[in-house]
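Step one of this worksheet: look at the structure below.
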Amino acid sequence: MARYYSPETYGVLAESISQILFTAEEIEARVLEMGQEISRDYNGTKPLLIGVLKGVFPFMADLIRAITVPIEVDFMAVASYSSSTREQGFVRLQKDLDEPIDGRHVLFVEDVIDTGLTLNYLLRNLNARGPASLKVCTLFEKPQRRLINIPVRYKGFDLPDKFVVGYGLDYRELYRNLPFVGMLKPEVFRPGT
Ligand code: IMP
Ligand code: MG
């Protein structure tokens, strides 16, 4: 039985997409590989996976089911500021972790690393809490847009310097429910308006 509906089924959402970059099946296959690698590396340690809401939740849900060793999960939420404020290194925590992370092996899970500024802020914050280890896992990365160099231990795919939606990624809170990832038509995507 098919696991996903075809893109056309998504009606007005699909009509806003100019090009599909990663199909649901391609994402699924890559996430299974990532889970296998993480399971091998963390065997015997019971890592804590930390995700930043909301964009990460479909990836996190699929990734944890591809991990075959015991794990725990926790989430943070940050306020999205304007990009100029973000560049100055300000990120406001809207929801902090439920539990302390000192002595824990932490795997920080992201949907997409764009400039890296948000991630840099959060990693410094988490590092100050004394984890036994802190590594980064991201589904997507835009290498051309990086302003800060952060070591990424697990990466799903590189993205071009383009705004994409689907599989958790939104444009004005829409498109998160698409099972594939694609680019928006120029008449739909109007940054700064
Ligand atoms: P950074 O601080 O520039 O790395 O911002 C990363 C955050 O921006 C991600 O967690 C996303 O919420 C958002 N973001 C970056 N690129 C995209 C995109 O192409 N589509 C949707 N959201 C994006
Ligand atoms: Mg977002």
Side-chain angles (χ1 to χ4, degrees), residues 7 10 13-14 16-24 26-27 30-31 34 49-63 73-97 106-127 134-193:
Y10 291 83
L13 294 174
S16 304
I17 303 293
S18 61
Q19 193 193 338
I20 294 178
L21 296 179
F22 301 100
T23 65
E26 286 168 339
I27 295 169
R30 184 72 189 111
V31 173
M34 294 174 83
L49 275 67
I50 296 179
V52 182
L53 296 170
K54 302 177 227 180
V56 83
F57 81 92
F59 175 45
M60 188 82 140
D62 288 341
L63 183 68
V73 296
D74 207 342
F75 291 95
M76 302 172 102
V78 296
S80 43
Y81 280 132
S82 66
S83 52
S84 62
T85 327
R86 212 155 27 98
E87 275 156 32
Q88 293 159 31
F90 296 120
V91 177
R92 192 165 61 82
L93 276 188
Q94 276 183 329
K95 182 213 171 294
D96 202 352
L97 299 172
V106 173
L107 183 59
F108 192 83
V109 183
E110 265 279 32
D111 46 2
V112 50
I113 304 175
D114 186 15
T115 62
L117 291 165
T118 313
L119 179 61
N120 183 56
Y121 173 87
L122 292 173
L123 288 180
R124 275 189 311 187
N125 179 303
L126 292 178
N127 243 325
L134 180 56
K135 296 203 161 56
V136 176
C137 171
T138 188
L139 181 57
F140 296 114
E141 182 182 7
K142 295 181 183 172
Q144 292 149 279
R145 300 222 350 128
R146 280 293 271 284
L147 295 175
I148 293 179
N149 186 43
I150 298 161
V152 175
R153 180 65 188 82
Y154 308 96
K155 176 173 68 179
F157 305 97
D158 276 336
L159 283 178
D161 182 5
K162 293 276 159 39
F163 193 84
V164 300
V165 295
Y167 198 67
L169 297 174
D170 73 302
Y171 176 55
R172 299 180 174 170
E173 293 303 323
L174 291 175
Y175 306 100
R176 295 192 199 274
N177 55 319
L178 294 176
F180 54 86
V181 166
M183 275 155 51
L184 287 172
K185 290 180 179 168
E187 62 267 33
V188 178
F189 179 58
R190 299 199 179 282
T193 57

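As the structure lists them, so they are numbered: ligands from 1, and atoms in each ligand from 1.
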When you measure from the heavy atoms of [X] to every atom of ligand 1, does any distance fall below 4.0 Å?
X: Val165; value: no
X: Gly55; value: no
X: Lys162; value: yes
X: Asp111; value: yes

Handout entry: Heavy-atom proximity to atom 17 (C) of ligand 1, best of Arg145, Lys142, Glu141
Key = Lys142
Practice task
Give the single entry among Val112, Val78, Leu147 that approaches atom 7 (C) of ligand 1 most closely by any heavy atom.
Solution key: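 Nearest heavy atom to atom 7 (C) of ligand 1 lies in Val112.
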Ligand-residue contact atoms, ligand 1 with [X], heavy atoms, under 4.0 Å:
X: Glu110; value: 10 (O)
X: Thr118; value: 1 (P), 2 (O), 5 (O)
X: Asp170; value: 21 (C)
X: Val164; value: 18 (C), 19 (O), 20 (N), 21 (C)

Practice task
Applying side-chain contact (heavy atoms from CB on, under 4.5 Å) between Val165 and each of Leu13, Asp170, Ile17, Val181, report the one that passes.
Solution key: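 That would be Ile17.
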Problem - The single option from Asp114, Leu117, Ile113 passing side-chain contact (heavy atoms from CB on, under 4.5 Å) against Arg146 - result: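 The passing option is Ile113.
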Practice task
Say whether Leu169, considering both its backbone and side-chain N or O atoms, lies within less than 3.5 Å of an N or O atom on ligand 1.
Solution key: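 No - when backbone and side-chain N and O of Leu169 are compared with those of ligand 1, no distance drops under 3.5 Å.
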Practice task
State whether the shortest distance between N or O atoms of Leu119 and N or O atoms of ligand 1 falls below 3.5 angstrom.
Solution key: no
Exercise for the section: Please report the C-alpha distance between Tyr167 and Asp62 in whole Å, then the side-chain angles of each, then the deciding distance to 0.1 Å, and finally whether the side-chain hydrogen bond (donor to acceptor under 3.5 Å, both in side chains) criterion is met. Expected result: CA-CA 11 Å; Tyr167 198 67; Asp62 288 341; 2.6 Å; yes
Practice task
State whether the side chain of Thr23 and the backbone N or O of Glu26 hold a donor-acceptor pair below 3.5 Å, judged by distance alone.
Solution key: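 Judged by distance alone, yes, a pair lies under 3.5 Å.
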Practice task
Check the surroundings of atom NZ in Lys142: do more than 12 heavy atoms from other residues, nucleotides or ligands lie under 6.0 Å from it?
Solution key: yes
Practice task
For the residue pair Phe189 and Tyr171, categorise the inter-ring angle as parallel (less than 30°), tilted (30 to 60°) or perpendicular (more than 60°).
Solution key: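 Geometry flag for Tyr171 against Phe189: perpendicular rings.
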